[in-house]
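Letters A, B, ... mirror the listed sequences (proteins, then strands); counts begin at 1.
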There are 2 protein chains.
Amino acid sequence: MTREPRLSWKEVRDQIKTSILDRTYSPGDKLPRDADIADQFGCARSTVQRAMRDLSDAGLVERKRKGGTRVRVDPVTRATVDIPITRREVEKRGSVYGYHLIDRGFFKTPPEIAGKLELPQATEILRVRALHLADHKPHIYEDRWICPDTVPGILEVDLSRESANEWLVMNKPYTRCDLRFYAISATEDTAATLDIKTGSALLVIERTTWIGTAPITLVKAYTAPGYELLTSN
Amino acid sequence: MTREPRLSWKEVRDQIKTSILDRTYSPGDKLPRDADIADQFGCARSTVQRAMRDLSDAGLVERKRKGGTRVRVDPVTRATVDIPITRREVEKRGSVYGYHLIDRGFFKTPPEIAGKLELPQATEILRVRALHLADHKPHIYEDRWICPDTVPGILEVDLSRESANEWLVMNKPYTRCDLRFYAISATEDTAATLDIKTGSALLVIERTTWIGTAPITLVKAYTAPGYELLTSN
DNA sequence: CAGTGGTCTAGACCACGCA
DNA sequence: GCGTGGTCTAGACCACTGT
């Protein structure tokens with residue numbers, strides 16, 4: 001009697017994955033119940049569960065109570081991106097980090113900003129513009145809107161010394177975060193700030209954060225030309 | 001004797017999260033062992049495990065065998081992005097999808113492409129350029145390099161009718177995928193293809209895929225102005 | 001070596017959602 | 001209702017890694 005080595009959830013996952021990739025189960029098909037798969041592999045149901053959750057997270061299958069497990073019909077490429085604190089990102093590359101506050105002031109929230117923050121009504125908002133430097137050259141220009149109602153502490157921070165980004169991350173963690181990436185041509189002002197030509201293509205990272213439903217901040221980070229965003233894996 | 005409702009792993013996770021956010025445990029601090037936390041909450045260790053894995057996935061803590069669990073010192077914003085098949089993306093928006101093959105030919109692999117595909121030596125490679133349309137207007141221009149050694153089947157596909165993207169996704173799933181986002185100014189050619197002004201800022205989605213270590217394809221997707229990439233959540 | 005997280009099990013009950 | 005995935009438990013053993 002040979003003794004099979006016990007199956008790990010990764011092996012189970014990979015075998016199921018393979019049988020999806022080789023069309024044993026095609027997009028839209030229903031897979032057997034977890035319990036049956038467990039019997040087939042001779043492992044516990046929870047091991048199958050672990051494998052299935054991984055496949056589900058990866059977007060390969062869809063699972064529903066009572067409905068069972070199905071191979072997703074619309075495959076997606078799913079990837080995770082890490083947006084580090086700018087200072088750490090620069091330092092990790094071995095460059096010298098610099099920070100420079102451009103200006104800071106209160107405004108009546110513009111409709112576009114209020115909309116993105118999901119503010120029910122326009123209020124006074126704190127706008128902070130700042131420049132992050134790498135090796136003394138402009139790296140990221142950030143245009144930030146902060147809701148002082150949600151984050152009163154920010155009013156006492158000396159933003160000429162400490163970046164709002166850093167203070168917020170360390171002191172006011174969010175519970176929800178929306179990210180958005182797009183490209184724009186640098187306006188004259190933005191170009192001057194980043195010390196580049198007007199019209200240069202810039203990758204913009206736009207981030208909105210909330211605590212519960214209370215908006216914290218919306219920041220548009222205009223990255224210098226050449227900036228790339230990579231997936232982690 | 002009151003009976004406490006049983007704790008779910010999400011409740012455990014949220015309580016731990018809270019105690020990190022309120023600085024009960026500061027960045028760099030070591031948290032108690034899972035077993036102790038389980039005792040404290042009166043739940044099983046595996047419940048704590050489940051909670052901790054979630055926090056670890058989210059980038060809030062770092063876990064090491066023997067080393068224990070520590071609050072991460074460099075907080076990151078971590079998000080997942082889904083890159084759907086273009087046709088599905090367009091159709092989901094309620095637009096009419098169109099596809100148009102521009103050209104197709106064999107080339108000696110340029111060094112830049114070979115490098116990104118991690119090809120040990122330059123070989124013949126298939127280059128396919130195509131245009132995706134939304135409501136009969138240019139939506140995404142893709143410039144794709146395919147390794148025929150890895151994917152011989154692609155040679156028999158009529159790429160004027162079916163997008164290489166779609167065929168590959170449905171027929172040759174990858175095991176590894178690198179993504180990269182950046183902005184460029186449209187060259188004259190690219191601008192002409194997308195029917196926009198030369199120099200317009202474009203978001204480029206660059207994707208490289210492999211099966212094991214065998215490279216499949218590298219595609220640069222030049223999105224029309226206004227395109228945005230959103231996080232899923 | 002020994003401590004800690006990672007995995008696996010067998011079983012129980014829960015909760016969602018289709019019929 | 002009832003079938004299916006989701007969660008929880010108590011316990012065991014494994015595997016990595018710091019000391």
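B:Arg45 contributes a side-chain N or O that forms a donor-acceptor pair with the base of C:dG6 under 3.5 Å.
One interatomic measurement links the two molecules: CE of B:Met52 to C1' of C:dG5, which rounds to 10 Å at whole-angstrom precision. Following rounding to the nearest Å, A:Arg70 (CZ) and C:dC18 (C1') show an atom-to-atom distance of 12 Å. Between A:Asp39 atom CG and D:dT4 atom P the separation is 13 Å, expressed in whole Å. Here the C1' atom of nucleotide D:dT7 and the CD atom of B:Glu11 are 12 Å apart, to the nearest Å. In this structure, B:Ile37 places its CD1 atom 12 Å from P of C:dT4, rounding to the nearest Å. B:Arg33 places its CZ atom 16 Å from the C1' atom of D:dG18, with the value rounded to the nearest Å. Rounded to whole Å, atom C1' of D:dG3 lies 4 Å from atom NZ of A:Lys66. If you measure from atom CD of B:Glu62 to atom C1' of D:dT17, you get 15 Å, rounded to the nearest angstrom.
Screening B:Thr24, B:Ile20, B:Leu55, B:Ile16 for a side-chain contact (heavy atoms from CB on, under 4.5 Å) with B:Val71, the sole residue that qualifies is B:Ile20.
Annotation for A:Val128 and A:Ile146: closest pair CG2-CD1, 4.1 Å, computed over non-hydrogen atoms. In terms of heavy-atom proximity, B:Ile211 sits nearest to B:Tyr174 at CG1-CA, 4.4 Å. Counting all heavy atoms, side chain and backbone alike, B:Ser8 lies closest to B:Thr47 at C-CG2, 4.3 Å.
For A:Thr69 and D:dT4, the shortest distance from a side-chain N or O to OP1 or OP2 is not below 4.0 Å.
Listed nucleotides D:dG5, D:dC8, C:dG6 differ in distance to B:Arg63; the shortest reach to its side chain belongs to C:dG6. Among the nucleotides D:dT7, C:dG5, C:dT9, the one closest to the side chain of A:Thr47 is C:dT9. Of the candidate nucleotides C:dG5, D:dG18, C:dT7, D:dG18 has the atom nearest to the side chain of B:Lys64. Side chain of B:Arg50, nearest nucleotide from C:dT7, D:dT7, D:dG6: D:dT7. Proximity note for B:Ala44 (side chain, C-beta onward) versus D:dG5, D:dA10, C:dA2: the nearest is D:dA10. Among the nucleotides C:dT7, D:dC16, D:dT9, the one closest to any side-chain atom of B:Arg65 is D:dC16.
Across all strands, A:Ser46 comes closer than 4.0 Å to base atoms (heavy-atom distances).
Toward the 5' end of DNA chain C, the nearer of the two residues B:Gln49 and B:Lys30, judged by each one's closest nucleotide, is B:Lys30.
At a threshold of 4.0 Å, the pair B:Asp14-B:Lys17 does not count as salt-bridged, since none of the basic side-chain nitrogens sits closer than that to a carboxylate oxygen.
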